[in-house]
Amino acid sequence: MLFSIAAGLGVMGHFGMLVWAENSFTGPECVVAANSMMLARDGTLYYDLSHYPYTVSAYTPVFYLLQASLYKLGLPAYAAGRLISFLAMLGILVLIRNLVILYTGDRYCAWMGTLLAASSALLLSWGTVGQVDSLAQLFALAAFHQYSRYAVREEKTLLWAAGFALLAFFTKQTMLACPAAIFVLLWFERRRTAIQFGAGLAAVAAVLALSLNAATDGRFISNTVFANMQPYSLDKLFQHLKFASLSAGPLALVAVAGFRPVLRSRGRALFVYLGFALAEFLIIAPKVGSDLNYQIESTILLILCASMALYALNFFALSFANRRTWITLLQLPLAVFLVVNLRITLQDLIVRFSSEQAARTEIAQLRPWLSDGGRVLSADYNALERLRGRMDAEMLIYKLLVDARMINPEPVRRDIARGGFSTILLMQDVNHTDGAASVEISTLPAAQLEEVRQHYKLVEQIPVPGIYVYKPLAWGKK
């Protein structure tokens, strides 16, 4: 009960933060918001990478459409996206409880599963960011819940499962673990039903995707598939594994402890889903630019599997009876998970509070420099969203695509050379370079940085977050 109160305070704290904060929590949140605003104003979402704006709508369209709709109704873009994610997170908590009840009928296990999810720093953090992950995961979990109703209670809910899986895919195109798990589970029960489910879902998804691609003259697949093929990094994989071991390691211990008894029950379906989620995580998480949101699905499945393990091991009955057995010692990893994650949540809220204050100061300093209405080239996406509501070039993905020879860099280079941008915001002083920048730092290709050095002058440096403001050499001259 005490941990539940603490988790509730964490949820309320994050909700208050998402309402109060005016600036972005993550870099991709700025890009998603800007693209949704451009969709609301111009009716265009997926852009041709051969000309301006050089920005990628990296995800399938459902979240963009919802955010753009709320923006047109008067909500700020950040608030609209965060509200969608927060409501999706609450829906995930409800579905976790319902799934545990469905497979176990044990309300203590359902309470524990909901508590673990509500305490997860990962779910709370990304459940209040205006990105697609929480909504996509809500649809995927809803799909698996509908499948579970079919498998456990023999209800006619497979069509609903397919529908939610389709929504998940068209919210985030990498949400494939759930339908893959459902197909495999059906295959070992009723192969004909498995083929109907898999073939039908794949056919509908393919028809919709190809139709959308045709309607956008090929830009849909170009944005959501080819532009997302960033290079892989072993260092990025190790970063993911380090955080996963810290935040979700205790859950893995509990799930492993109850693995064998769970396999003898219908709850093994959740372990199958976990296996596909972990496989997908290992395949896509190591790419450059990935963040901790790639761990959301596997963390949710670990919570569900840990709850199933507690039920299979009769954990609560033994604990209430004060039995001295290794099973009751599982209280230790559960407590470690709760304490560690609630501590990370507190740190996250403190960091967001201080970052928001710094961002407000930065926006006030940048506002006069961007008030002329001219074209802006910026490594600070939040400034573009707040002060312009659009972006002409999303530097990080732009440079990666230039390096991959998917974008011709000449148009932007020529525009820099002729002073075509009224303001350029960089995270570096082009006149004093300190060697090669990190591949994940938003910057320009070397040839374009050279043009900035020759044709622009540094007019201001904002120490936090480290933004350098450049104006054309002719700026200020009569």
Side-chain angles (χ1 to χ4, degrees), residues 32 35-36 39 43-50 56-68 88 131-133 135-148 150-151 156-230 272-273 275-277 279-285 287 294 296-297 397 401 404 406:
V32 171
N35 286 341
S36 294
L39 171 63
T44 304
L45 180 57
Y46 300 105
Y47 296 94
D48 187 343
L49 300 179
S50 63
V56 171
S57 300
Y59 305 106
T60 36
V62 171
F63 186 91
Y64 294 111
L65 292 170
L66 290 175
Q67 187 176 25
Q131 292 182 220
V132 304
D133 306 278
L135 184 62
Q137 188 55 60
L138 172 69
F139 289 141
L141 207 58
F144 199 81
H145 180 249
Q146 295 302 317
Y147 158 77
S148 298
Y150 166 84
K156 299 182 184 299
T157 53
L158 270 186
L159 279 178
W160 282 104
F164 281 119
L166 202 64
L167 280 172
F169 175 78
F170 280 98
T171 303
K172 187 177 183 181
Q173 62 273 28
T174 55
M175 300 303 295
L176 301 175
C178 177
I182 293 174
F183 175 79
V184 169
L185 290 165
L186 287 172
W187 181 264
F188 286 103
E189 296 288 339
R190 301 172 183 175
R191 292 191 175 184
R192 182 177 179 182
T193 302
I195 293 172
Q196 290 174 337
F197 175 86
L201 180 59
V204 173
V207 168
L208 290 176
L210 291 175
S211 299
L212 185 54
N213 193 56
T216 57
D217 296 323
R219 299 190 302 273
F220 171 68
I221 290 180
S222 175
N223 277 245
T224 59
V225 178
F226 298 119
N228 268 314
M229 293 181 176
Q230 283 91 28
V272 172
Y273 186 3
F276 278 98
E280 184 176 277
F281 161 74
L282 291 173
I283 292 171
I284 65 175
K287 71 177 184 177
Y294 282 74
I296 293 175
E297 188 166 28
I397 191 68
L401 294 178
M406 293 181 63

Return the minimal non-hydrogen interatomic distance between [X] and [Y], and the atom names on each side.
| X | Y | result |
| --- | --- | --- |
| Tyr273 | Cys178 | OH-CB, 3.4 Å |
| Ala227 | Leu401 | CA-CD2, 4.0 Å |
| Leu49 | Ser222 | CD1-OG, 3.8 Å |
| Ala136 | Ala168 | O-CB, 3.6 Å |
| Ser57 | Asn35 | OG-ND2, 3.5 Å |

ask   = Given Phe183 and Leu201, is the side chain to side chain contact (heavy atoms under 4.5 Å, CB included) satisfied, shown in steps?
value = CA-CA 10 Å; Phe183 175 79; Leu201 180 59; over 6 Å; no

Output the distance between atom [atom1] ([X]) and atom [atom2] ([Y]), rounded to the nearest 0.5 Å.
| X | Y | atom1 | atom2 | result |
| --- | --- | --- | --- | --- |
| Leu141 | Ser148 | CG | OG | 9.0 Å |
| Ser36 | Leu45 | OG | CG | 7.5 Å |
| Phe226 | Met406 | CZ | CE | 7.5 Å |
| Leu208 | Phe169 | CG | CZ | 9.5 Å |
| Leu167 | Met175 | CG | CE | 12.0 Å |
| Ile221 | Thr216 | CD1 | OG1 | 8.0 Å |

Under 3.5 Å: donor-acceptor pair, side chain of [X], backbone of [Y]:
| X | Y | result |
| --- | --- | --- |
| Asp48 | Arg219 | no |
| Gln173 | Ala58 | yes |
| Thr157 | Gln146 | yes |

**Message:** If you apply the rule ring-ring contact (aromatic ring centres under 6.0 Å, His included), what do you find for Tyr147 with Phe144, and how did you get there?
**Reply:** CA-CA 5 Å; Tyr147 158 77; Phe144 199 81; 5.5 Å; yes

For residues [X] and [Y], determine if any side-chain heavy atom of one lies less than 4.5 Å from a side-chain heavy atom of the other.
| X | Y | value |
| --- | --- | --- |
| Thr171 | Leu138 | no |
| Tyr64 | Val32 | yes |
| Asn228 | Thr174 | no |

The test is side chain to side chain contact (heavy atoms under 4.5 Å, CB included); show your working for Thr193 and Tyr150 and say whether it passes. CA-CA 12 Å; Thr193 302; Tyr150 166 84; 3.9 Å; yes

Check this for me: Leu282, atom CG, are more than 12 non-hydrogen atoms of other residues, nucleotides or ligands nearer than 6.0 Å?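 Yes, the 6.0 Å shell around CG holds more than 12 heavy atoms from other groups.
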
Stepwise side chain to side chain contact (heavy atoms under 4.5 Å, CB included) check, Leu65 with Leu39
CA-CA 8 Å; Leu65 292 170; Leu39 171 63; 4.0 Å; yes

Practice prompt. Could you label the plane-to-plane angle of the Phe220 and Phe170 rings as parallel, tilted or perpendicular, counting under 30° as parallel and over 60° as perpendicular?
Written response: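 Phe220 and Phe170: parallel rings.
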
Review point. Of the options Thr60, Thr224, Asp133, which is the one that meets Lys172 in a side chain to side chain donor-acceptor pair (under 3.5 Å)?
Key: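 The passing option is Asp133.
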
Quiz item: Is there a donor-acceptor contact under 3.5 Å linking the side chains of Tyr294 and Glu280?
Solution: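 No, no side-chain donor-acceptor pair sits under 3.5 Å.
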
